[in-house]
Amino acid sequence: MNVINYQKELDKTIVSLQKEGRVPNFCCTAAVAPCSSYVLEYFVKSILKSRYFIINPNIYPESEYTKRILEQQELISRMNLKHPVSFLAGNYEKDRFYRMAEGLEDVKEGGARCFKCYALRLRETAQMAKKAGYDYFTTTLSISPMKNAAKLNEIGLAAQKEFGVKYLQSDFKKKNGYKRSIELSKEYGLYRQDYCGCEFSQRSSTQ
């Protein structure tokens, strides 16, 4: 069975775009500023521009949601970025998330509930990219050692087919991406949460 190196696939896409001299734009969903830090740095070194970073309604409680939004905005304002970054905070529609998670509340973290959450967030990002006329969409989620990169990319590619917007495959934890995100978090004094974001992941972190 061949194991796909998703980060190499992304690197190939970037090199191809550079050779073509294209400067496309993309829409990216992110949960926390520490994850965004490395992803922003990665794309600063390439030629992609006009990025949307979207926070999604799975975050619990609402005060945590607000805190993460402010951290994202602060990070974007402080980083020396090659291209402007547009930030959009998604609506805090927590009931939508709970409907999605119904019946999966006790599923182990990293299982079926998380996969449905990936799909909710990536489909929303693909829709946003299509509406805004963006060339690509992607997510910062693969930077986390706790996230299933293969599943994320599988869902992203399915959303690509559904919405007709190209998905940028990635595994940002590769090439020391996660380690670099920790370094950047210290450099910028970023708040690093101790759970993924939803009520169920918070519960798991305290058990």
Find the distance between [atom1] ([X]) and [atom2] ([Y]) and round it off to the nearest 0.5 Å.
{"X": "F97", "Y": "R113", "atom1": "CZ", "atom2": "CZ", "value": "6.5 Å"}
{"X": "Y167", "Y": "L122", "atom1": "OH", "atom2": "CG", "value": "5.5 Å"}
{"X": "Y188", "Y": "M79", "atom1": "OH", "atom2": "CE", "value": "4.5 Å"}
{"X": "S204", "Y": "E199", "atom1": "OG", "atom2": "CD", "value": "10.5 Å"}
{"X": "Q202", "Y": "I59", "atom1": "CD", "atom2": "CD1", "value": "11.0 Å"}
{"X": "C28", "Y": "L40", "atom1": "SG", "atom2": "CG", "value": "8.0 Å"}

Compare all side-chain heavy atoms of [X] with those of [Y] and state whether any distance is below 4.5 angstrom.
{"X": "T125", "Y": "T139", "result": "no"}
{"X": "L152", "Y": "Y6", "result": "no"}
{"X": "S16", "Y": "E20", "result": "yes"}
{"X": "Y191", "Y": "V32", "result": "no"}
{"X": "E109", "Y": "C196", "result": "yes"}
{"X": "M128", "Y": "L88", "result": "yes"}
{"X": "Y42", "Y": "I143", "result": "no"}

[X] and [Y]: same hydrophobic cluster, using ILVMFWY side-chain contacts below 4.5 Å?
{"X": "Y65", "Y": "L190", "result": "yes"}
{"X": "I155", "Y": "V107", "result": "no"}
{"X": "L168", "Y": "I14", "result": "yes"}
{"X": "Y98", "Y": "F115", "result": "no"}
{"X": "Y195", "Y": "L141", "result": "no"}

Tell me, with the steps shown, if E9 and K12 meet salt bridge (Lys or Arg N to Asp or Glu O under 4.0 Å).
-> CA-CA 5 Å; E9 293 302 312; K12 287 178 186 177; 3.6 Å; yes
Keeping [X] on the side-chain end and [Y] on the backbone end, is there a donor-acceptor pair under 3.5 Å?
{"X": "K116", "Y": "M100", "value": "yes"}
{"X": "E71", "Y": "I69", "value": "no"}
{"X": "N176", "Y": "K179", "value": "no"}
{"X": "S37", "Y": "S185", "value": "no"}
{"X": "S77", "Y": "E74", "value": "yes"}
{"X": "D135", "Y": "F26", "value": "no"}
{"X": "S142", "Y": "F172", "value": "yes"}
{"X": "Q7", "Y": "D171", "value": "yes"}

Check the pair R123, F163 against side chain to side chain contact (heavy atoms under 4.5 Å, CB included), reporting the backbone distance first and the verdict last.
-> CA-CA 8 Å; R123 290 185 74 256; F163 296 100; 3.5 Å; yes
Flag if over 12 foreign heavy atoms under 6.0 Å of NZ, K173 | yes
Decide, yes or no, whether a salt bridge links [X] with [Y] under the criterion of side-chain N to carboxylate O below 4.0 Å.
{"X": "R180", "Y": "E183", "answer": "yes"}
{"X": "E64", "Y": "R68", "answer": "yes"}
{"X": "E154", "Y": "K151", "answer": "yes"}

Audit row: K161, L157, side chain to side chain contact (heavy atoms under 4.5 Å, CB included) steps and yes/no = CA-CA 7 Å; K161 290 182 179 180; L157 290 170; over 6 Å; no
What pair of heavy atoms forms the shortest contact from [X] to [Y], and how long is it?
{"X": "Y118", "Y": "N148", "answer": "OH-N, 3.3 Å"}
{"X": "Q72", "Y": "A31", "answer": "NE2-C, 4.1 Å"}
{"X": "Y60", "Y": "C198", "answer": "CB-C, 3.9 Å"}
{"X": "F137", "Y": "A129", "answer": "CB-CB, 4.0 Å"}
{"X": "G133", "Y": "N25", "answer": "O-OD1, 4.2 Å"}
{"X": "F43", "Y": "L10", "answer": "CZ-CD2, 4.4 Å"}

Give the intermediate values and the outcome of side chain to side chain contact (heavy atoms under 4.5 Å, CB included) for residues R192 and I182.
-> CA-CA 9 Å; R192 293 186 66 86; I182 294 174; 3.8 Å; yes
Walk me through it: do T140 and S36 pass the test side chain to side chain donor-acceptor pair (under 3.5 Å)?
-> CA-CA 6 Å; T140 67; S36 300; 4.8 Å; no
Trace of the side chain to side chain contact (heavy atoms under 4.5 Å, CB included) decision for R96 with L120 | CA-CA 9 Å; R96 181 183 176 197; L120 184 153; 4.3 Å; yes
Remaining members of hydrophobic cluster (4.5 Å side-chain criterion), L70 =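 None, because no other hydrophobic side chain comes under 4.5 Å of this residue.
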